[in-house]
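One structure below.
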Amino acid sequence: MAADKDSLDARVPPTCPAAISQILTHAWHHDLAGLKPLLNVPGRASVQEPTTGETPLHAAIRACGPAAAGSNSDPAAVKAATAVVEELFFSGAIWNDVDSNNETPGDVAARLGQTDLYTMCVEAGVRAELLFGLLEGYEALSSEDEDEDMAEEEAEEAGGENGTAEVEIEDPDEAPELVDTEIVDENPDRAFAPPQPANGGDVNSEDYLRSNLVYSDGKLVDADKNGVMMAWETSIMRASVDALLPGLEAGRKILNIGFGMGIVDKMFHETKPARHHIIEAHPEVLTYINGPDCEFGKDWEAAGSEKGAYQVHEGRWQDVIPQLLEAGETYDAIYFDTFGEDYAQLRMFFTEYVPGLLEESGKFSFFNGLGADRQICYDVYTKVVEMHLSDAGMDVEWREMDVDMQGLGAEGEGEWEGVKRRYWTLDKYRLPVCAFMG
Ligand SMILES: C[S@@+](CC[C@H](N)C(=O)[O-])C[C@H]1O[C@@H](n2cnc3c(N)ncnc32)[C@H](O)[C@@H]1O
């Protein structure tokens, strides 16, 4: 039996407008025949109960109740729910709408142990994000605003909320814009105001690169207290270096993008590389690098076997990389870990630049924080990035490692004290190890 908070009465209260209540009730009862005609009007597959945020997807999944251990509970109910969920996605239901419990339909499926339904939500998320990526890269002849509107509409039709294209690649920005996205509009079918995170807020690259930074106590934060880099990521950096340089062989050529606290660079340096290049854009990180507390200043540069062997390239990687390519630099290992940039930048990096920078037998990795504050987003982005890497001619091997979430503490506590938002909430990190196909 579903718990009270998951009951139809709790999710679709008597105050719910009749047209919305009707759709939600049909979805809840997995009444496909009754539901189908109601979905003929565009947008009806993504109606939301105004106070609970229940969507037809939430209702269809929630109504299955918790799966019995090791099974999907009542197979007939799950089969019926599957057909309804399929129809909803087909009719434009949005995969990542959050309800008043800050749960997407996929989160509900995961909590109830409904693995097949969870997989359907992940697959819908992947389709939506892939489509959004395609549309974003498509240069139509209309104005930018029109393009954006069109991309958003098309992505929504594919089952995606517009904000999800804003996935960022490090820290506060990594997750798709689920709770931050203001979806309240004049459409009464979508009048639900999703819960806002107490410490929400976007970071964009331009603002970040202009902001003041503070190095302290195992963390680097910006002026808004966004965690740029934190010492708890050391084990991830360790595993990344071990994966990129099997056997930690000396004499390799290494490129690291994003210095941060220099954790990964210290590990790279310990392998005694032949070439070690670092790209860093933030003026205050560069000041730190050249200051007394950092070992990667001018003395380190001078210790290379020849001029330019060890070097910090100052500037945005977007500006520096073309110069490295022009100079014919290639690397055995490339690591990418920036801050405040969206997924499109990472994708551009591995699609347009890695093929020219990486030795044929070399390895590439990046900090995989895509969607890391919500399991379903992490799962969606694992698949999206895998497909985009494949488009770029690369295979990826995911190495899963534990993250000690208990040790990290709750929001604002333990390691997160003094950090605006817990940008990592998952107990497994998927470390990508990428190499050219074939
Ligand atoms: C998360 S930190 C890197 C942490 C690093 N892996 C470590 O082990 O300490 C991200 C770094 O990328 C830098 N960064 C952000 N955008 C950049 C860009 N476009 N080009 C180069 N560096 C950038 C930031 O200033 C910051 O120092």
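As the structure lists them, so they are numbered: ligands from 1, and atoms in each ligand from 1.
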**Prompt:** Under 3.5 Å, N or O to N or O, is G260 touching ligand 1 that way?
**Reply:** yes
**Request:** Could you tell me whether some N/O pair between Y208 and ligand 1 is separated by less than 3.5 angstrom?
**Result:** yes
**Element-labelled atoms of ligand 1 that are located less than 4.0 Å from some non-hydrogen atom of E341** = 18 (C), 19 (N)
**Request:** Check Q318 against ligand 1 and report side chain, backbone, both or neither, counting heavy atoms closer than 4.0 Å.
**Result:** side chain
**Asked** For W317 and E280, does a side-chain donor sit closer than 3.5 Å to a side-chain acceptor?
**Response** no
**Request:** Kindly confirm or rule out an N or O of L209 lying under 3.5 angstrom from an N or O of ligand 1.
**Result:** no
**Item:** Donor-acceptor pair between Q48 and D189 side chains, under 3.5 angstrom
**Value:** no
**Complete:** ligand 1 atoms nearer than 4.0 angstrom to some heavy atom of G258 are 3 (C), 5 (C), 6 (N), 11 (C), 12 (O), 13 (C)
**Message:** I'd like to check whether S205 has a polar contact with ligand 1, where a contact means an N/O of the residue lying under 3.5 Å from an N/O of the ligand.
**Reply:** no
**Asked** When you look at D224 and V203, which way does the side chain to side chain contact (heavy atoms under 4.5 Å, CB included) test go after all the steps?
**Response** CA-CA 9 Å; D224 287 333; V203 181; over 6 Å; no
**Request:** Report the part of W317 in contact with ligand 1, treating N, CA, C, O as backbone and CB onward as side chain, heavy atoms under 4.0 Å; options are side chain, backbone, both, neither.
**Result:** both
**Asked** Is there any N or O on Y335 that sits under 3.5 Å from an N or O of ligand 1?
**Response** no
**Message:** Side chains of E284 and T287 only: does a donor on one sit below 3.5 Å from an acceptor on the other?
**Reply:** no
**Message:** Testing the 3.5 Å rule here: is there a donor-acceptor pair between the side chains of D97 and H58?
**Reply:** no
**Item:** Subset of ligand 1 atoms that lie under 4.0 Å from at least one heavy atom of V264
**Value:** 6 (N), 7 (C), 8 (O)
**Asked** Do the ring planes of F296 and W300 sit parallel (below 30°), tilted (30 to 60°) or perpendicular (above 60°)?
**Response** perpendicular
**Prompt:** Is there at least one pair of N or O atoms, one from I263 and one from ligand 1, spaced under 3.5 Å apart?
**Reply:** yes
**Asked** Any side-chain donor paired with an acceptor under 3.5 Å for N368 and Y378?
**Response** yes
**Request:** From the options Y429, Y423, F336, Y335, select the one residue that forms a ring pair (Phe, Tyr, Trp, His ring centres under 6.0 Å) with F367.
**Result:** Y429
**Asked** Is there a nitrogen or oxygen of V228 sitting under 3.5 Å from a nitrogen or oxygen of ligand 1?
**Response** no
**Complete:** Counting heavy atoms under 4.0 Å, the part of F367 that contacts ligand 1 is neither
**Asked** Do the rings of F350 and F364 sit parallel, tilted or perpendicular, given the 30° and 60° boundaries?
**Response** tilted
**Request:** Would you mind finding which of M237, H282, E280 brings a heavy atom closest to atom 13 (C) of ligand 1?
**Result:** E280
